[in-house]
*Asks:* 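I have a structure here, written as structure tokens, and I will follow up with some questions on it.
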Number of protein chains: 2
Amino acid sequence: MNGDDSVSRPTDDIMCATYRALCRHGYADLTMQDIADEWEKSKPALHYHYDTKRGLLLAFLDHLFTNYTDRVAAPEDGPARERLDALIDAALDPPRADTHRELRTALFEVKAQAPHDEAFRERLSRFDDYLTDEVRSVVGDGVESGAFRADTDIETTATLLVTLLNGAHSRRVALGADDGVREAIRAFVDDHLGRRVDESR
Amino acid sequence: MNGDDSVSRPTDDIMCATYRALCRHGYADLTMQDIADEWEKSKPALHYHYDTKRGLLLAFLDHLFTNYTDRVAAPEDGPARERLDALIDAALDPPRADTHRELRTALFEVKAQAPHDEAFRERLSRFDDYLTDEVRSVVGDGVESGAFRADTDIETTATLLVTLLNGAHSRRVALGADDGVREAIRAFVDDHLGRRVDESR
DNA sequence: TTTTGCTGACTGACCGGTCAGTTACGGTGT
DNA sequence: ACACCGTAACTGACCGGTCAGTCAGCAAAA
């Protein structure tokens with residue numbers, strides 16, 4: 001129907017403004033006014049497009065998910081080990097880390113709010129499920145192609161990796177420290193899945 | 001000096017009330033009034049003892065830390081493997097899990113607030129450092145006593161375990177799910193440290 | 001003319017913190 | 001015995017500020 005090509009739809013602009021506002025103020029201190037300012041429109045204009053703050057934020061999470069899956073999607077081919085490393089790096093610090101660092105903090109704040117709101121929980125589960133699927137897929141391929149140990153329990157390994165990534169995220173954001181977690185995870189992958197490439201155990 | 005024995009000091013009562021209020025309302029929705037209600041005193045009475053909400057909350061974290069370390073402290077002796085399991089269980093769901101589940105959620109919310117406040121970050125680091133020390137100590141003992149593989153990198157293993165516990169905490173609270181993370185961690189310990197007790201690799 | 005998109009001004013609720021008092025109590029002087 | 005004072009602990013009323021959401025109206029597009 002409405003083939004607005006060059007014209008950016010207002011809702012897209014709002015998502016973009018929300019992103020910037022979120023990075024600048026964090027989730028807890030995020031007000032509708034902040035978003036409106038970033039959008040360079042008035043606060044009631046925001047309420048014209050989204051009835052409630054909660055609705056806007058949920059829409060933002062949806063928006064983020066489509067972008068996220070676009071970005072993190074692992075290449076379908078290539079050595080499994082390299083694909084897994086790329087996946088871990090992507091999850092650990094997303095592309096343009098300097099720009100996205102603040103977003104990660106904000107998303108962590110969203111996580112903390114999730115326990116009290118089913119809809120938020122559902123959105124976050126989507127992220128988690130997606131990441132788990134990707135990891136499971138890569139690990140599965142690696143086992144099949146012989147790159148990883150044949151006796152690997154794919155499900156357990158995927159759970160471990162995703163939990164590790166979650167923990168790394170949590171510690172980095174909450175403590176501000178990064179005490180070799182990345183190296184530890186890499187060591188885990190080496191030790192658990194491969195490296196000792198003498199196929200037979 | 002002041003030998004108030006049977007008389008519970010008001011500040012202790014306040015910490016207790018804060019605990020209950022935190023469990024009932026969560027961190028984000030916690031007001032001074034909530035704490036005052038739980039304490040069955042007035043809000044200004046609260047400000048009489050603690051100038052600011054932030055100060056009260058920081059005091060509460062300190063209070064919690066002393067209790068936490070009292071509770072989680074692993075027994076000094078016994079098989080390393082059992083001590084490690086106990087430590088993991090304690091970190092995964094603290095004693096009286098039914099009573100403390102809400103507190104864990106609240107503490108997670110505190111974590112999310114930490115990036116914006118150095119003092120909170122410092123308190124949380126104390127918890128993390130304590131847990132890391134305990135894990136490192138148990139793993140070290142296990143390696144020394146031969147219960148764990150001799151080629152274990154103690155530091156890396158401790159980092160991995162603590163990160164896993166963080167991740168498990170995060171996922172459980174934020175997603176409400178518990179998809180066999182505990183089993184995965186146990187499998188990790190089996191696979192990584194022992195179980196295959198054929199000493200030589 | 002109607003609809004779309006927007007604005008300035010506003011409301012109602014909430015919340016952290018303040019303040020002027022009040023109560024209970026333990027000395028101290030008489 | 002009684003009056004007096006000081007202080008710790010506490011209360012009801014209130015203030016300043018914030019923020020989500022509302023509303024009447026305006027301008028441009030359809």
Side-chain angles (χ1 to χ4, degrees), chain A residues 1-61 106 109-110 112-113 116-117 119-120, chain B residues 1-61 106 109-110 112-113 116-117 119-120:
Chain A
M1 258 296 157
N2 61 346
D4 34 13
D5 301 329
S6 60
V7 173
S8 58
R9 282 177 315 177
T11 53
D12 284 352
D13 285 349
I14 293 176
M15 292 297 96
C16 200
T18 304
Y19 171 84
R20 287 195 303 273
L22 211 40
C23 292
R24 198 188 297 258
H25 302 277
Y27 178 81
D29 291 343
L30 185 70
T31 70
M32 291 296 266
Q33 189 62 58
D34 293 332
I35 302 176
D37 288 348
E38 212 70 48
W39 187 34
E40 293 181 324
K41 296 272 169 65
S42 72
K43 186 160 65 94
L46 228 45
H47 278 103
Y48 176 80
H49 292 284
Y50 296 95
D51 282 350
T52 66
K53 186 185 181 184
R54 179 168 174 274
L56 194 159
L57 259 11
L58 287 175
F60 178 73
L61 282 186
E109 294 179 71
V110 175
Q113 202 258 3
H116 310 300
D117 193 316
F120 278 79
Chain B
M1 260 297 158
N2 60 345
D4 32 14
D5 300 330
S6 60
V7 173
S8 59
R9 281 177 316 176
T11 54
D12 283 352
D13 284 349
I14 293 176
M15 294 297 94
C16 200
T18 304
Y19 171 85
R20 288 195 304 272
L22 211 40
C23 291
R24 197 189 297 258
H25 301 278
Y27 178 82
D29 292 341
L30 184 70
T31 69
M32 289 297 266
Q33 190 61 58
D34 293 332
I35 302 176
D37 288 348
E38 212 69 49
W39 187 35
E40 293 180 324
K41 296 273 167 68
S42 72
K43 185 159 63 95
L46 228 44
H47 278 104
Y48 176 81
H49 292 284
Y50 296 94
D51 281 352
T52 66
K53 186 185 181 185
R54 181 169 173 273
L56 193 160
L57 259 12
L58 287 176
F60 178 73
L61 283 186
E109 295 180 71
V110 175
Q113 201 257 3
H116 310 301
D117 193 317
F120 278 79

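Just so it is clear, the structure is predicted and the values come from calculations on it, not from any experiment. Every heavy atom of this structure was used, including side-chain atoms; hydrogens, water molecules and symmetry mates were not. Naming: A, B, ... by sequence-line order, numbering from 1 per chain.
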*Asks:* Could you state the CG-P distance from Asp29(A) to dG17(D), rounded to the nearest angstrom?
*Replies:* 18 Å
*Asks:* Within the structure provided, determine whether Tyr48(B) and Lys41(B) are in side-chain contact (heavy-atom separation under 4.5 Å).
*Replies:* no
*Asks:* Compare all side-chain heavy atoms of Ile35(A) with those of Arg20(A) and state whether any distance is below 4.5 angstrom.
*Replies:* no
*Asks:* Measure the spacing between CZ of Arg54(A) and CG of Leu58(A) and express it to the nearest 0.5 Å.
*Replies:* 5.0 Å
*Asks:* Could you state the CG-P distance from Leu30(B) to dC15(C), rounded to the nearest angstrom?
*Replies:* 10 Å
*Asks:* Please report, rounded to the nearest Å, how far the P atom of dC10(D) is from the CE atom of Met32(B).
*Replies:* 14 Å
*Asks:* Take the protein atom CD1 of Ile35(B) and the nucleotide atom P of dG17(C), then report the distance between them rounded to whole Å.
*Replies:* 11 Å
*Asks:* Looking at every strand, decide which applies to Leu46(A) at a 4.0 Å heavy-atom threshold: base, sugar-phosphate, or nothing.
*Replies:* nothing
*Asks:* Indicate for each nucleotide in nucleotides 3-10 of chain C, in 5' to 3' sequence, whether protein heavy atoms under 4.0 Å reach the base (B), only the sugar-phosphate (S), or nothing (-).
*Replies:* -SBBBBB-
*Asks:* Whole Å only: how far is the CD1 atom of Ile14(B) from the C1' atom of dA9(D)?
*Replies:* 11 Å
*Asks:* Using whole Å, report how far NE2 of His47(B) lies from C1' of dG17(C).
*Replies:* 5 Å
*Asks:* Just how far is it from atom CG of Leu22(A) to atom CG of Leu30(A), taken to the nearest 0.5 Å?
*Replies:* 5.5 Å
*Asks:* Looking only at side chains, do His25(A) and Glu38(A) share a donor and an acceptor under 3.5 Å apart?
*Replies:* no
*Asks:* Measure the distance from NE2 on His25(A) to C1' on dC19(D) and round it to the nearest whole Å.
*Replies:* 14 Å
*Asks:* Would you say Lys43(B)'s side chain and Thr31(B)'s backbone share a donor-acceptor pair under 3.5 angstrom?
*Replies:* no
*Asks:* Could you state the atom-to-atom distance from CG of Leu56(B) to P of dC15(C) in whole Å?
*Replies:* 16 Å
